[in-house]
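Predicted model only: the values in this text are computed from it and were never measured. Heads up: numbering here begins at 1 and tracks the sequence.
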Amino acid sequence: MASSWTARQNKLFEEALAIYDRETHDRWHNIAKVVGKSVEDVKKHYELLKQDIDRIERGQVPFPSYSGSLIKFVR
């Protein structure tokens, strides 16, 4: 069963990834502690993030259309 993540936990996750890079000893343990999740949950969340980034980079995720936005995206 997938663990649900709050917006706050996602933000903490992103910040922890920036602080605890690949070279950090016990990286996943440190990130899990910050976020309040298990190491397994954090690793799964990271893999999902990588998959999302891959889809975005391949152009498989369309830009959102914000009503009232002054910025118009050109493709």
Side-chain angles (χ1 to χ4, degrees):
M1 183 165 130
S3 171
S4 63
W5 288 62
T6 66
R8 177 168 168 71
Q9 287 172 321
N10 273 310
K11 184 66 176 171
L12 288 169
F13 175 73
E14 291 171 4
E15 291 175 1
L17 281 175
I19 294 167
Y20 302 112
D21 65 12
R22 295 174 196 213
E23 305 303 317
T24 303
H25 179 71
D26 288 335
R27 177 187 197 194
W28 299 116
H29 175 77
N30 291 329
I31 294 172
K33 186 175 179 181
V34 168
V35 176
K37 295 281 187 177
S38 71
V39 171
E40 182 179 307
D41 284 340
V42 168
K43 286 181 177 181
K44 285 180 186 177
H45 202 65
Y46 182 73
E47 288 304 316
L48 290 173
L49 176 62
K50 287 187 355 184
Q51 291 172 15
D52 285 347
I53 291 168
D54 287 343
R55 283 194 296 272
I56 291 166
E57 288 177 345
R58 288 193 306 264
Q60 295 176 330
V61 178
F63 282 107
S65 175
Y66 298 107
S67 62
S69 176
L70 299 176
I71 299 171
K72 301 298 180 200
F73 294 100
V74 179
R75 295 181 196 232

Does E14 CD have over 12 foreign heavy atoms under 6.0 Å away?
yes
Provide the closest heavy-atom pair for V39 versus A32 in the form atom of the first, atom of the second, distance.
N-CB, 3.8 Å
Name all pairs fulfilling the side-chain hydrogen bond (donor to acceptor under 3.5 Å, both in side chains) condition that reach into residues 53-64, sequence neighbours left out, sorted by first residue then second.
D52-R55, R58-Q60
So, do L49 and L17 sit near enough that their side-chain heavy atoms are less than 4.5 Å apart?
yes
Answer with yes or no whether the hydrophobic clustering places I53 together with V61; edges join I, L, V, M, F, W, Y residues whose side-chain heavy atoms lie under 4.5 Å apart.
no
Give, for atom OG of S38 and atom NZ of K43, the distance between the pair rounded to the nearest 0.5 Å.
10.0 Å
Enumerate the side-chain hydrogen bond (donor to acceptor under 3.5 Å, both in side chains) contacts for residues 20-32, please, sequence neighbours excluded, ordered by first and then second residue.
D21-T24
E47 and K44 ion-paired at < 4.0 Å
no
Side chain to side chain, W5 and K37, heavy atoms closer than 4.5 Å:
yes
Rounded to the nearest 0.5 Å, how far apart are CD1 of I31 and NZ of K33?
13.5 Å
What verdict does the side-chain contact (heavy atoms from CB on, under 4.5 Å) test give for H45 and N10, after you've listed the backbone C-alpha separation in whole Å, the side-chain angles of each residue and the deciding distance to 0.1 Å?
CA-CA 9 Å; H45 202 65; N10 273 310; 2.7 Å; yes
